[in-house]
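Some notes on the structure that comes next.
To find a chain, count down the sequence lines: A is the first, B the second, and so on, and within it residues start at 1.
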There are 2 protein chains.
Amino acid sequence: MAGRRPSVKPSDAAHSPVSMADLARELGVSMTTISRALSDHHSIGPATKQAVLKLAKKLNYQPNRMASALRKGTSTLLGVIVPYIEGRFFASVVHGIETAASKAGYSIIICQSNEDVAQERKNLETLLSAQVAGILVSVSRTTLDFRHFDKVRKRGVPLVFFDRILEGDSVNAVVLNDQDGAYQATRHLLEQGCRRVAHLAGPQHLNIYRNRRQGYLDALQNQGIAPDESLIIDCDMTLEGGQASMKQLLALPNPPDGVFSAGDWAVLGALQVLKSRGVRVPQDVALAGFSNEALTMVAEPHLTSVDQRCEEMGQAAFRLFTDLAAADGTAFSQRQVVLQPQLFVRESSQRGAEVAGNK
Amino acid sequence: MAGRRPSVKPSDAAHSPVSMADLARELGVSMTTISRALSDHHSIGPATKQAVLKLAKKLNYQPNRMASALRKGTSTLLGVIVPYIEGRFFASVVHGIETAASKAGYSIIICQSNEDVAQERKNLETLLSAQVAGILVSVSRTTLDFRHFDKVRKRGVPLVFFDRILEGDSVNAVVLNDQDGAYQATRHLLEQGCRRVAHLAGPQHLNIYRNRRQGYLDALQNQGIAPDESLIIDCDMTLEGGQASMKQLLALPNPPDGVFSAGDWAVLGALQVLKSRGVRVPQDVALAGFSNEALTMVAEPHLTSVDQRCEEMGQAAFRLFTDLAAADGTAFSQRQVVLQPQLFVRESSQRGAEVAGNK
DNA sequence: TTGTAGGCGTTATCAA
DNA sequence: TTGATAACGCCTACAA
């Protein structure tokens with residue numbers, strides 16, 4: 001191809017970018033004309049417009065979004081705050097947001113709160129100071145009130161919460177119907193013939209885990225089964241936590257024949273304990289988890305799980321932002337988008353004739 | 001806690017942020033004074049300085065980073081381009097970058113190229129147009145030349161590549177010593193008594209997979225073993241690809257007793273095939289993978305794998321950026337940082353007395 | 001259809 | 001130690 005690049009010249013110093021003023025000077029017209037040509041304004045001669053565009057391309061003109069934002073008072077930057085970016089869920093949501101945002105001409109600034117309110121507060125300041133057009137946030141585990149978000153509202157910056165929200169407050173949010181997901185999973189276990197379904201419950205101060213527990217209870221009630229408190233185990237949703245919980249359940253005088261866990265790692269822990277004790281899955285104990293992590297397809301047997309629609313959540317969050325931005329601060333009426341989760345049935349819960357594959 | 005928030009006032013319109021001019025007016029001093037007080041400039045009376053800071057806090061003043069950047073010609077925004085954000089590797093690297101960056105007062109803008117050069121080109125324009133202070137990039141799979149990066153250099157914007165780089169070109173980069181990682185893994189298999197070690201090789205146009213293959217060959221040579229071409233299988237590094245590759249290997253007249261895969265998903269596929277055929281792991285065939293994905297601890301037996309030091313890579317990339325920025329365009333001499341991978345030995349390759357646990 | 005001029009919020013230069 | 005003033009690059013009344 002092109003010959004090898006000449007060795008870097010020492011005097012290859014920063015080449016200042018070309019501005020509208022440069023184009024104007026070059027063409028002998030005013031900056032207004034340039035501006036209009038580039039922004040596809042009406043009232044501009046097609047000839048001049050073409051000339052401007054051509055020169056812009058030739059000189060490799062790049063608009064300065066900062067200057068534009070400063071002038072217009074609104075940028076094309078979007079702030080996103082997540083507890084952490086690692087792990088399937090948030091990474092996928094961010095993927096969804098970024099994809100939708102970049103299509104619409106927005107860039108996203110990512111901040112991590114590391115599950116710390118203080119950091120979350122700082123993130124908010126950083127983003128406001130960067131003049132973002134909107135902020136999308138999933139609150140940290142340690143966020144107990146909303147006061148620090150008031151600044152954002154006062155500034156008229158659209159604010160959208162996703163997944164983790166503080167309940168009892170009126171906010172714009174995109175959430176998963178965790179309750180229904182849990183209901184689906186539990187009902188499925190019951191339909192597979194389970195009579196005593198246990199629940200590994202997550203930290204109850206988080207809305208998502210409260211809702212999953214409620215969905216579990218709903219499914220039992222719907223089948224006329226009275227909940228048994230000894231079958232509901234508090235669990236931190238880790239692998240080890242799942243193992244401990246399962247041991248606790250097996251130690252019961254009347255152990256369960258099905259387990260619905262609010263998380264996949266915990267249900268994996270449960271599976272490991274069952275296998276180590278020679279308990280058959282799903283014949284003796286059927287299992288279902290929540291999140292549809294990659295591990296569900298690695299474990300043996302494959303684990304039934306509830307999918308959280310991560311990408312859709314990201315897309316929906318972005319759309320909600322654009323809606324709010326379009327409403328232009330006039331109607332900050334709180335809007336909630338609720339996504340429907342989907343149960344993926346796999347071997348760990350399938351007691352029927354043949355074991356259906358992945359899907 | 002605090003009483004319930006009053007219902008949203010309809011006239012709760014966008015409250016324009018307080019600027020330096022506001023502070024100046026309020027205190028009856030000039031904007032220059034305000035600026036100096038806030039930027040901790042010398043030559044300012046301690047009394048005035050205190051007054052300014054106090055008022056700033058009271059009125060909740062937030063500096064406008066855009067205006068500052070416009071004036072100073074350099075922002076505190078950092079652009080990051082990755083092929084995709086999902087998946088453990090890039091998410092972790094981004095985590096590392098963000099953590100280091102936010103400590104230093106930078107915010108990061110994330111772009112995904114979706115493994116597409118055209119998109120990558122667009123990302124670059126977007127970032128330049130956002131006036132970022134630097135760009136960190138892991139090139140897409142379809143990037144075959146560097147021309148589109150020249151613009152970045154011409155602008156004097158520090159450019160750092162990480163993990164995936166185009167070889168033969170002089171760039172600033174942080175990479176993993178893939179060759180050594182592969183060498184470690186292969187040597188380990190040989191030390192466990194394997195005589196015929198196969199290799200599942202990734203797409204050879206990517207430097208990382210070429211280097212892993214080379215490391216494999218080096219280890220063989222180091223033990224005086226002549227490489228057997230039939231034991232080196234081209235694989236797309238997916239689960240299915242790993243399955244197919246393993247079947248191919250088992251069909252050989254003289255099948256291998258060890259497999260080093262350039263990726264974890266492929267080695268998982270291999271494991272599945274071996275188990276389904278009743279071949280014992282690690283006794284009959286020992287396995288090792290690359291990436292140290294979460295799945296290595298889920299599979300049974302746990303999989304030996306090479307860790308990529310994702311977070312360190314992110315940190316190192318950011319540090320390299322700051323170094324370049326400090327050099328101030330004077331010395332764009334290419335600098336390479338090479339990280340040392342670490343082999344995590346687990347059950348899938350451990351033929352010794354007792355099977356050591358994780359870590 | 002085109003041009004002039006002022007300003008977005010900040011910082012740097014100069015003079016007081 | 002402080003203040004007036006001019007930029008940075010862009011947009012947009014308003015005037016021509």
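- Side-chain contact annotation: A/Ser92 with B/Glu86, donor-acceptor N/O pair under 3.5 Å present.
- Taking 4.0 angstrom as the limit, A/Ser19 places none of its side-chain polar atoms (N or O) nearer than this to OP1 or OP2 of D/dG9.
- At a threshold of 4.0 angstrom between heavy atoms, the contacts of B/Thr32 include nucleobase atoms, whether or not backbone atoms are also involved.
- Residues B/Glu120 and B/Ile81 share a closest heavy-atom pair of O-CD1, 4.4 Å.
- Here the P atom of nucleotide D/dG3 and the CG atom of B/Leu23 are 14 Å apart, to the nearest Å.
- In this structure a side-chain-to-backbone donor-acceptor pair under 3.5 Å is missing from B/Ser113 to B/Gln119.
- Side-chain atoms of A/Ser129 and A/Thr126 include no donor-acceptor pair closer than 3.5 Å.
- Considering only the side chain of B/Arg71, D/dA7 comes nearest among C/dT4, D/dA7, C/dT13.
- Near-neighbour residues of DNA chain C inside residues 43-59 of chain B, defined by a heavy atom below 4.0 Å, are absent.
- Minimum interatomic distance between A/Leu77 and A/Ala130 (heavy atoms only, all atoms of both residues): CD2-O, 4.2 Å.
- Computed from coordinates, the A/His41 NE2 to C/dT2 P distance equals 12 Å when rounded to whole Å.
- Between the P atom of C/dG9 and the NZ atom of B/Lys72 lies a distance of 18 Å, rounded to the nearest Å.
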(request) Report the C-alpha separation of B/Arg65 and B/Ser107 in whole Å, then their side-chain angles, then the decisive distance to 0.1 Å, and conclude whether the side chain to side chain donor-acceptor pair (under 3.5 Å) test is met. (result) CA-CA 11 Å; B/Arg65 282 160 80 194; B/Ser107 298; 3.0 Å; yes
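- Summary of the strand contacts: B/Arg36 and A/Val29 both lie near DNA chain C, and taking for each the nucleotide with the nearest heavy atom, the more 5' one is attributed to A/Val29.
- Rounded to 10 degrees, the angle between the two end axes of the helix from C/dT1-D/dA16 to C/dA16-D/dT1 is 40°, with five pairs used at each end.
- Rounded to a whole Å, the CG atom of B/Asp40 is 15 Å from the C1' atom of C/dT11.
- For A/Gln131 (side chain) and A/Ala69 (main-chain N/O), no donor-acceptor pair under 3.5 Å exists by modelled atom type.
- Between A/Tyr106 and A/Phe321, the two ring planes are perpendicular [angle over 60°; tilted spans 30° to 60°].
- Residue A/Ser35 is in base contact, counting any heavy-atom pair closer than 4.0 Å across all strands shown.
- Across the protein-nucleic acid pair, B/Asp22 atom CG and C/dG7 atom C1' stand 15 Å apart, rounded to whole Å.
- Scanning residues 60-69 of chain B for heavy-atom distances under 4.0 Å to DNA chain C yields B/Tyr61, B/Pro63, B/Asn64, B/Ala67, B/Ser68.
- As rounded to whole Å, 12 Å separates atom C1' of C/dA12 from atom CE of B/Met31.
- B/Arg164 contributes a side-chain N or O that, together with a main-chain N or O of B/Val139, makes up a donor-acceptor pair within less than 3.5 Å.
- The listed nucleotides are C/dG3, D/dA4, C/dT11; the one nearest the side chain of B/Met20 is C/dT11.
- Between B/Arg155 atom CZ and D/dG9 atom P there is a gap of 11 Å when expressed in whole angstrom units.
- For the pair B/Ile34 CD1 and D/dA4 P, the computed distance is 12 Å after rounding to whole Å.
- Ion pairing between a basic and an acidic side chain is recognised when a charged N comes within 4.0 Å of a carboxylate O; A/Asp22 and A/Arg25 show such pairing.
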(request) Could you walk me through whether A/Phe162 and A/Phe318 pass the ring pair (Phe, Tyr, Trp, His ring centres under 6.0 Å) test, one step at a time? (result) CA-CA 10 Å; A/Phe162 59 90; A/Phe318 178 73; over 10 Å; no
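- In this structure, A/Asp40 pairs ionically with A/Lys49, as a charged nitrogen and a carboxylate oxygen lie closer than 4.0 Å.
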